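Remarks on the structure that follows.
Source: prediction; values computed, not measured.
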Amino acid sequence: METTAWLILLFPLLGCVVIGLGFRALPARATGAIGTLAIAAAFVAALVTTLSLQDRAVEERHVVFSAWDYAVTVGVDAELSILVDPLSMFMALVVSGVSTLIHLYSVAYMGGDPGYRRFFAYLNYFVFSMLLLVLAGNFLVLIIGWAFVGAASYLLISFWYRRTTATAAGIKAFVINVLGDVGLVLGTYFIFKHTGTLDFMVTFERAEEVFGRGDGDLTAGCILLLVGAFAKSAQIPLHTWLPDAMEGPTPVSALIHAATMVTAGVYLIARMHPLFELAPAAATTGAIIGAVTLLVAGTIGLAVTDLKRVIAYSTMSQIGYMVMGVSAGAYVAGLFHLMTHAFFKALLFMAAGSVISAMGGEQNLDKMGGFRKVMPFTFACMVIGGLALSGIPPFSGFFSKDEILLVLGEQGGWKWALYVAGYVGAFLTAVYTWRMIFRAFWGEPVEPARELAHGHLYHPEKPTNPATGEEEDTDVGFPGPEHHIAEWALPMKAAMGLLAILSVIGGIVLIPKTTTWLDHFLEPSFEGSSVVIHASDSLLVIGLVLGTVLGLAGIAVAHYVWVRNPGLSARVRERFAPLHRLFVNKWYFDELIDLLVVRPAGWFGRWAQQTFERIFVSGSVDATTGIVRAGSAAVRAAQSGFLRAYAAMLLLGVVAVGLYFLIQSA
Amino acid sequence: QRGLAILFALALFIELSIAVLASGVAAIDSDGPTLPFGFGGPEQIGAAFLTKFLLAFELASYLLLIAAVGAVVLARRRGGIHDDAETRVSVADFLLPAGTGTMAEAVEGRTGTQADRQVGPPAGTGVPREDA
Amino acid sequence: MSLAWYLVVSALVFAIGAGGVLTRRNPLVVLLCLELMLNAANVALIGFSRMWGNVDGQIFAVIVMVVAACEVCIGLGLVVAIYRRRLPIDVDELRELSG
């Protein structure tokens, strides 16, 4: 099992290196194939590892493999070690599986882009980093994977690097991610201070002895870990980078910002569950933030008009569910939702990519309409994804979302508020998802749809930046001239088809009261958890029914507003204009952060430059040079070239020496 | 400046005198030892040079050689540095024209050959005189 | 004659020479005064040689004379070179080696 475990990491790394080094020599399609095959190989390796893990007895399903020691003498057990247990294998399977499909999609979607090979190198690097993160066996490798993933995110968001909006978004994402990194490292320190080890398994064993319940240092450490998780998973208040990250190509959005990277925070909390159970304050914080995020993101999703950004806010909201779930102790449910979300969100992004291609690069919902008849496959995928997201049975999203809310309801107490928030959020989810679908696919066909009906793809005269409308060209650094839609590209169709199937049947692994495969699979990772879940039947039925009703109601509302009554949305917008402004401006978080963080940083920088730098730093350096200069000028005055002065000095010296000896001998 | 220097010289003298007179060298006031005749004579000095101070002797001569060569190099006339008005100095410049100088006074200005008032360089130096 | 007289004479001549070196502007005169100082030292040396009764001091004096001669030789060569260049023969004016 050890070899296959390391192979999971090795294949994407090799893929990245081969493409990265040979990108000039390899033809474009070859790099696509290499990239996809590398991740597929990683998936196969993960599968084999999982099967051999399942062969072992239940108690033995945490295996740590160590490659080498980084620091032996310092007293810190820093090793390059990976942990193979059900949780990490689950994550590895999801990550590598969905990544393979997205690579397949990109093979066709990114065709014609001048940076095609670079794209696959970056994608492989990203998958390697993510796998490193989920397979990490100690805090050190976790932090390394965390940082690498942040870097990969930056590289991929600013993939079209000549677009100023893209590079700005990349920087924003990276800065917020680094903030999370700081939280992660500091949190690790707080925990390491008491346990004295970086290894996960050892930490968890020692946690109970070393920390009492609600220990101050542990709570601080866990909250700092949460900061890291929030930054990576785009929870409030560190969420502002996610909508901007839609500047990257659609496969990037699908992979990083839907299925994998943003779920790293959820994975972190699930992995650290022994620590969070000992620090209830931190767990509560996580749950509350998750709930707040899911509501806020839901409201924003109702108002924004960019297709990809609606899906981005939907991601933020769904991750709010997951964070809420794992913070409250619903580990299996939260991870189940992670998996199903990966399926249908990636599917939604892929379908959105297809629509955007049909529109010739335009992303604004206001300009879309009537694609239902001309793009049947894309439409079907979008509908499947939308149904799964809204939580309609028997799609996968239904089971996973309700599982989380069930556990919250079981716990009772103040968590009823979270329960209610969860269902409100479910209603909002259905509304904004179907708003998006109805607006894009129903209504009068717009010009690109009409052209597609005639069988050729719409191309705008001049390529422009979809956000600002600036003109671009199609050379390297900007998107290529070709657009690919699912109906005409087999790789895209294959990937989307598979994901659609998974979105439909994915719920089968954990249907309440019926199948418990996922539960049994993940159980060894979460044994010893102090959260015991008794699923009461009545609550289960209430939850299921409520979920279905709310989902269908949401679809109905969306249908009424955007299909039956086209002018209604405009009138509602006018009636509630301030509210609408709040939502469209994303609750003014960007402005708030600008005011609180960016401007003070600017002022500090300016003060530092004008006052501190000028007076103290430059001043002290200049003072030193000034003193040296003055000294040397004084000495230089003695070098006058004046012979008589020299002679005088000489004789004076002689006299002085003579005097000295005289006085001494006297 | 001048006054200062004189003052300084005076100060130096006084100091040295004090140094001399106030020092406790007993022999200062005495007449000195009786010395054989010929002390400090040329034979004695010569012998000392060639035996005890041979190295100093050789080095001194070496130094003289260097100084002579150096002086010649320093005072050498180099081509192209002088401007038009500068003339080359040669031995003939130091020869007074015939009929001048103390001899002229002695013979009261009458000389034999006065045909050549223009004294040029001796034949063979090949240096043109630029002014008469 | 006791030794003290010789030494006082030497001191006197040395002081005069020093004053001259500091005061005069013509380099030739400076060289002259330099000679004075050297010879004053010679006198002292000879006096001491007489006192101790060995020839070392006198040999030293002869060597000093040799050195003085060399130095004056070079000095005069410099003066000639300066004259040739039409530079003023004035120690105060010749200051190009300043820092």
Side-chain angles (χ1 to χ4, degrees), chain B residues 1-21 23 25 27-36 39-41 44-45 47-49 52-53 56-57 59-61 63-78 81-83 85-86 89, chain C residues 1-25 33 37 40 44 46-67 69-86 92:
Chain B
Q1 186 107 22
R2 193 185 198 117
L4 211 62
I6 293 183
L7 216 62
F8 174 79
L10 210 63
L12 189 60
F13 170 59
I14 293 173
E15 179 202 358
L16 288 171
S17 315
I18 295 173
V20 165
L21 296 170
S23 72
V25 181
I28 282 191
D29 283 333
S30 68
D31 270 349
T34 33
L35 296 165
F39 171 76
Q44 200 179 13
I45 294 192
F49 259 132
K52 193 167 162 199
F53 295 103
F57 182 59
L59 285 178
S61 58
L63 185 63
L64 273 168
L65 176 66
I66 294 172
V69 170
V72 167
V73 165
L74 273 176
R76 203 167 46 134
R77 193 191 283 266
R78 303 207 191 143
I81 297 181
H82 55 275
D83 49 20
E86 192 179 332
V89 176
Chain C
M1 299 276 276
S2 71
L3 182 60
W5 293 109
Y6 291 98
L7 296 183
V8 169
V9 163
S10 160
L12 182 63
V13 173
F14 188 84
I16 294 172
V21 162
L22 290 176
T23 314
R24 305 303 295 260
R25 286 167 58 165
C33 293
M37 285 160 77
I46 309 239
F48 278 117
S49 154
R50 172 73 179 83
M51 182 178 99
W52 290 111
N54 58 16
V55 147
D56 296 359
Q58 300 187 19
I59 305 289
F60 197 168
V62 172
I63 304 292
V64 169
M65 270 193 263
V66 167
V67 172
C70 301
E71 166 228 328
V72 162
C73 188
I74 304 287
L76 285 175
L78 271 174
V79 171
V80 167
I82 291 172
Y83 172 72
R84 292 256 177 79
R85 302 260 185 293
R86 311 277 166 186
D92 288 346

- How far does CD of C/Gln58 sit from CZ of C/Arg50, to the nearest 0.5 angstrom? 10.0 Å

- Message: Under 4.5 Å from any heavy atom of chain C, what part of B/Phe49 do you find: side chain, backbone, both or neither?
- Response: both

- Heavy-atom closest pair, residues C/Ile63 and B/Ala56: CD1-O, 3.9 Å

- Query: Does a side-chain heavy-atom distance below 4.5 Å link C/Val80 with C/Leu76?
  - Reply: no

- Item | Residue C/Asp56 versus chain B: region with a heavy atom under 4.5 Å | both

- Is chain B contacted by the side chain of C/Ser10, its backbone, both, or neither, given a heavy-atom distance below 4.5 Å? neither

- Item | Over 12 non-hydrogen atoms of neighbours within 6.0 angstrom of CZ in B/Phe53 | yes

